[in-house]
Amino acid sequence: FKDIFSLLSDLSGKLINFSNLANDTNTSVQTLKKYLYFAQKTFSINTITPYYRNKSKEIRKSPMIYFTDIGLMNYSGGKYGRLANSTDFGFVFQNFIYNILKEVTPKNHSIKYWRTTDNAEVDFVIDKITDTVPIEVKYKKYKNTKISRSFRNFISRYKPKIAYIVNINFSGKIKIDNTDIFFIPFTKLFFTEI
């Protein structure tokens, strides 16, 4: 269980491949899934599933995990107080934003992620059944309204009414077609209606 948690801490915000994780921890897939079930039931981790409508082009099976306690995540991975590089900070920041989204997203909506077989991705998609809200998380300081190709692809394909890019410092707004895209500092996420 400890080895699994250690590996999961490195996989926060990334696709989970049960076979690879089972091999790396020398357990069966069935045992691994039981451990993950217990970790979820004890509120240590949450899993999110992919958002998809195009069954042939979008990933449909692999979940992602997020830790409910970022300190536990860093401790399990041996990184507590020792995050080494900006990639580590980026995934910790993404996990932090996930925890905020869990608090501000209405209970009748679900948090998902979006990824295509061509590796286009959006960090979070709030599935409102009748509409979606894509949310991209960037651990950097913005100076202007720059949008990734993946984010633009999602907007073009699903035409949401609003979208968010959560970042360190920048506030701004642009419009692509009929979608209002808000750049918001993470400190304002608690006060944003999703």
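Side chains of V166 and K138 form no contact here, defined as non-hydrogen atoms less than 4.5 Å apart. Side-chain atoms of F183 and Y164, non-hydrogen and from C-beta on, never get closer than 4.5 Å to each other. At least one side-chain heavy atom of I147 sits under 4.5 Å from a side-chain heavy atom of I165. Within the 4.5 Å cutoff, no side-chain heavy atoms of I45 are placed close to those of T68. Using a 4.5 Å cut-off on side-chain heavy atoms (C-beta onward), T31 and T25 make no contact. Contact of the I181 side chain with the I176 side chain is registered, since non-hydrogen atoms from C-beta on lie closer than 4.5 Å. Within the 4.5 Å cutoff, the side chain of K161 has heavy atoms near those of the D131 side chain. Looking at heavy atoms from C-beta onward, P160 lies in side-chain contact with T179 at the 4.5 angstrom threshold.
Among the candidates F154, W114, Y113, Y66, the single residue satisfying the ring pair (Phe, Tyr, Trp, His ring centres under 6.0 Å) test with F124 is Y66.
Atom CZ of residue F186 and atom OH of residue Y139 lie 8.5 Å apart, to the nearest 0.5 angstrom. Here the straight-line distance linking atom CG of N169 with atom CG of N167 works out to 5.5 Å at 0.5 Å rounding. For the atom pair CD1 (I4) and CG (D24), the distance works out to 10.5 Å, reported to the nearest 0.5 Å. Expressed to the nearest 0.5 Å, how far CZ of F43 lies from CG of D69 amounts to 14.0 Å. Atom OG1 of T47 and atom CD1 of I16 lie 9.5 Å apart (nearest 0.5 Å). Atom CZ of F182 is separated from atom NZ of K188 by 12.0 Å, given to the nearest 0.5 angstrom.
Between Y158 and Y51, the ring center distance clears the sub-6.0 Å criterion.
Between the side chain of S44 and the main chain of Q40, no donor-acceptor pair closer than 3.5 Å is present. Looking only at distances, no side-chain donor or acceptor of D118 sits under 3.5 Å from a matching main-chain atom of A120. Not a single donor-acceptor pair under 3.5 Å links the side chain of S156 to the backbone N or O of R152. K128 places a side-chain N or O within 3.5 Å of a backbone atom of I194 that can act as its donor or acceptor partner. Side-chain N or O atoms of N95 include one that pairs as donor or acceptor with a backbone N or O of F67 at under 3.5 Å.
Nearest heavy-atom pair across A163 and I155 is CB-CD1, 4.3 Å. Annotation for I168 and P185: closest pair O-CB, 3.8 Å, computed over non-hydrogen atoms. Contact record, E136 with D123: OE2-OD2, 3.3 Å, taken as the closest heavy-atom pair.
Judged by a 6.0 Å distance limit and a 45° cone about the ring axis, K14 is positioned over the six-membered ring of F91. For the pair K33 and Y37, the cation does not sit on the ring face, since its NZ or CZ is not both under 6.0 Å from the ring centre and inside 45° of the axis.
Environment of CG in N144: crowded, with over 12 heavy atoms of neighbouring residues, nucleotides or ligands closer than 6.0 Å. For NZ of K143, the number of neighbouring non-hydrogen atoms (other residues, nucleotides, ligands) closer than 6.0 Å is 12 at most. For N178, the CG atom sits in a loose shell: 12 or fewer heavy atoms of surrounding residues, nucleotides or ligands are nearer than 6.0 Å.
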| said: One pair to check against side-chain contact (heavy atoms from CB on, under 4.5 Å): E121 and T116. What are the steps and the verdict? | reply: CA-CA 7 Å; E121 66 177 289; T116 67; over 6 Å; no
| task | Evaluate the side-chain contact (heavy atoms from CB on, under 4.5 Å) criterion for residues F190 and E103: first the C-alpha distance (whole Å), next the side-chain angles of each, then the deciding distance (0.1 Å), finally the verdict. | result | CA-CA 8 Å; F190 269 116; E103 295 299 316; 4.2 Å; yes
| From CA spacing to verdict: side-chain contact (heavy atoms from CB on, under 4.5 Å), I65, N46 | CA-CA 6 Å; I65 65 109; N46 288 312; over 6 Å; no
| field | side chain to side chain donor-acceptor pair (under 3.5 Å) evaluation trace for S6 with S9 | value | CA-CA 5 Å; S6 179; S9 72; 4.9 Å; no
| task | Please step through side-chain contact (heavy atoms from CB on, under 4.5 Å) for the pair I111 and V125, ending with a clear verdict. | result | CA-CA 6 Å; I111 302 172; V125 176; over 6 Å; no
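Cluster annotation: F5 and F38 are assigned to distinct hydrophobic clusters (Ile/Leu/Val/Met/Phe/Trp/Tyr, side-chain heavy-atom contacts under 4.5 Å, transitive). A single hydrophobic cluster is not seen to contain both I162 and I129; linkage of ILVMFWY side chains at heavy-atom distances under 4.5 Å, directly or through other members, places them apart.
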